[in-house]
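Here's the structure we're looking at; comments come further down.
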Amino acid sequence: MKIISAKFLTGAVSSKQYPDSVCPELAFVGRSNVGKSSLINSLLNKKKLVKTSQTPGKTQEINFFKINNDFIFADLPGYGFAKVPQSVQRRWRKMIENYLLRRETLLAVIFIIDLRRDPSPLDLDLQRWLEACGVEYLLVGTKVDKLSQSEIKKQVNKLNIAYFDGGKGELLIYSSKSSRGRKELWSEITFRLEEFRRN
Ligand code: GTP
Ligand code: MG
């Protein structure tokens, strides 16, 4: 994908604040600090378009970005950060669920996990929830640069079993540091965009 333009549209906490749109949209979802914002920057080859941080809980709104004046990326706040009070966590969860249920132009979710970590109950909850609601998703294990080749193989096998039980899905690997997996992820995204345009 050739990135001609990528611009910030708006930040939103409620559906009233979502930008009006008829463009297909991809949402980046996952645990706090897993690397959602970094992955968007890496995909777009823009180092500083989306704010990233060492401090989990950086992204507190849904941030919308228009790409090539053609489709939208939505960067969602991370869930499950232990140091955030329960009441705030519930509010975030509601914000994410509302978005996933109500955003009519949502094409698919890029569901990001840390390749080094075994699935948490929250991740598996989110997966079941996406499947129950019929939201299409792509599972991406990021921070692959932090593992050796043999660890990657082991972890990919393990996570494919944990998430898909040897079934249909497939985990993609990614590194926002080295851009490993960028081509493969773009090819999955453009496939979905093209499919959308055909229908
Ligand atoms: P929240 O918005 O707080 O939910 O976080 P996030 O999921 O958007 O994570 P963010 O992109 O801010 O990254 C969190 C930390 O992980 C930062 O210190 C990043 O530099 C680091 N990080 C993200 N992706 C990678 C990666 O692929 N490799 C390595 N080595 N570090 C990464
Ligand atoms: Mg973020």
Side-chain angles (χ1 to χ4, degrees), residues 6-13 17-18 25-65 67 72-100 103 108-123 125-127 129-130 137-149 151-153 155-156 159 171-186 188-189:
K7 70 166 197 266
F8 174 66
L9 290 176
T10 187
V13 292
Q17 300 166 326
Y18 300 166
E25 191 161 301
L26 292 131
F28 295 76
V29 181
R31 281 187 80 96
S32 182
N33 212 38
V34 75
K36 298 173 291 300
S37 302
S38 303
L39 191 142
I40 296 178
N41 283 333
S42 153
L43 269 179
L44 298 173
N45 225 339
K46 306 260 184 242
K47 285 205 169 60
K48 287 181 188 147
L49 182 70
V50 193
K51 279 197 204 81
T52 62
S53 167
Q54 304 289 348
T55 330
K58 183 73 191 170
T59 312
Q60 305 212 353
E61 302 179 318
I62 303 173
N63 288 316
F64 296 86
F65 301 87
I67 318 301
I72 290 179
F73 277 0
D75 183 22
L76 269 69
Y79 53 85
F81 177 45
K83 285 190 185 143
V84 170
Q86 279 291 317
S87 59
V88 179
Q89 287 208 38
R90 271 198 298 275
R91 205 175 69 221
W92 281 7
R93 190 190 173 115
K94 200 89 215 118
M95 179 175 20
I96 296 166
E97 287 182 354
N98 257 334
Y99 168 84
L100 294 171
R103 189 61 165 161
V109 163
I110 313 296
F111 178 4
I112 303 166
I113 58 172
D114 186 325
L115 191 67
R116 299 168 301 171
R117 312 257 177 264
D118 293 341
S120 73
L122 278 174
D123 291 322
D125 262 8
L126 174 65
Q127 185 193 26
W129 192 86
L130 290 170
Y137 67 92
L138 239 155
L139 189 66
V140 180
T142 193
K143 306 197 185 182
V144 61
D145 57 277
K146 292 188 182 245
L147 292 177
S148 72
Q149 206 49 43
E151 288 169 326
I152 295 169
K153 205 169 157 216
Q155 201 57 13
V156 166
L159 290 172
L171 170 72
L172 290 181
I173 56 172
Y174 201 91
S175 167
S176 303
K177 207 170 163 188
S178 71
S179 298
R180 180 169 177 182
R182 190 172 180 269
K183 212 173 103 210
E184 291 78 5
L185 183 52
W186 265 125
E188 291 289 337
I189 292 173

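The model shown is predicted, which means the values in this text are computed figures rather than measured ones. Whatever order the structure lists ligands and atoms in, that order sets their numbers, starting from 1.
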Would you check whether [X] has a nitrogen or oxygen atom less than 3.5 angstrom from a nitrogen or oxygen atom of ligand 1?
X: K51; answer: no
X: D75; answer: no
X: L39; answer: no
X: P77; answer: no

(message) Side chains of P119 and I113, heavy atoms from C-beta outward: is any pair under 4.5 Å?
(response) no
(message) Please determine whether N33 has a backbone or side-chain N, O or S atom lying under 2.8 Å from the Mg ion (ligand 2).
(response) no
(request) Using heavy-atom distances, let me know which of K36, K146, Q60 sits nearest atom 6 (P) of ligand 1. (result) K36
(request) Check the angle between the aromatic planes of Y18 and F64 and answer parallel, tilted or perpendicular using the 30° and 60° thresholds. (result) tilted
(message) Going by side chain to side chain contact (heavy atoms under 4.5 Å, CB included), F111 matches just one of L126, L171, L138. Which one?
(response) L126
(message) Using the rule side chain to side chain contact (heavy atoms under 4.5 Å, CB included), only one of V34, I110, L115 pairs with V140; which is it?
(response) I110
Contact atoms of ligand 1, heavy-atom distance to [X] under 4.0 Å:
X: T142; result: 27 (O)
X: G78; result: 4 (O)
X: S175; result: 27 (O)
X: S32; result: 3 (O), 4 (O)
X: S176; result: 24 (N), 26 (C), 27 (O)

(request) Between N33 and ligand 1, find which residue part has any heavy-atom pair under 4.0 Å and reply side chain, backbone, both or neither. (result) both
(request) With sequence neighbours left out, write down each residue that passes salt bridge (charged side-chain N to carboxylate O under 4.0 Å, His left out) with E151, or none if nothing qualifies. (result) none
(request) For atom CZ of R93, decide whether the heavy atoms of other residues, nucleotides or ligands shown that lie under 6.0 angstrom number more than 12. (result) no
(request) Taking atom NZ of K46 as the centre, report whether more than 12 heavy atoms of other residues, nucleotides or ligands fall under 6.0 Å from it. (result) yes
(request) To the nearest 0.5 Å, tell me how far L39 CG sits from I112 CD1. (result) 4.5 Å
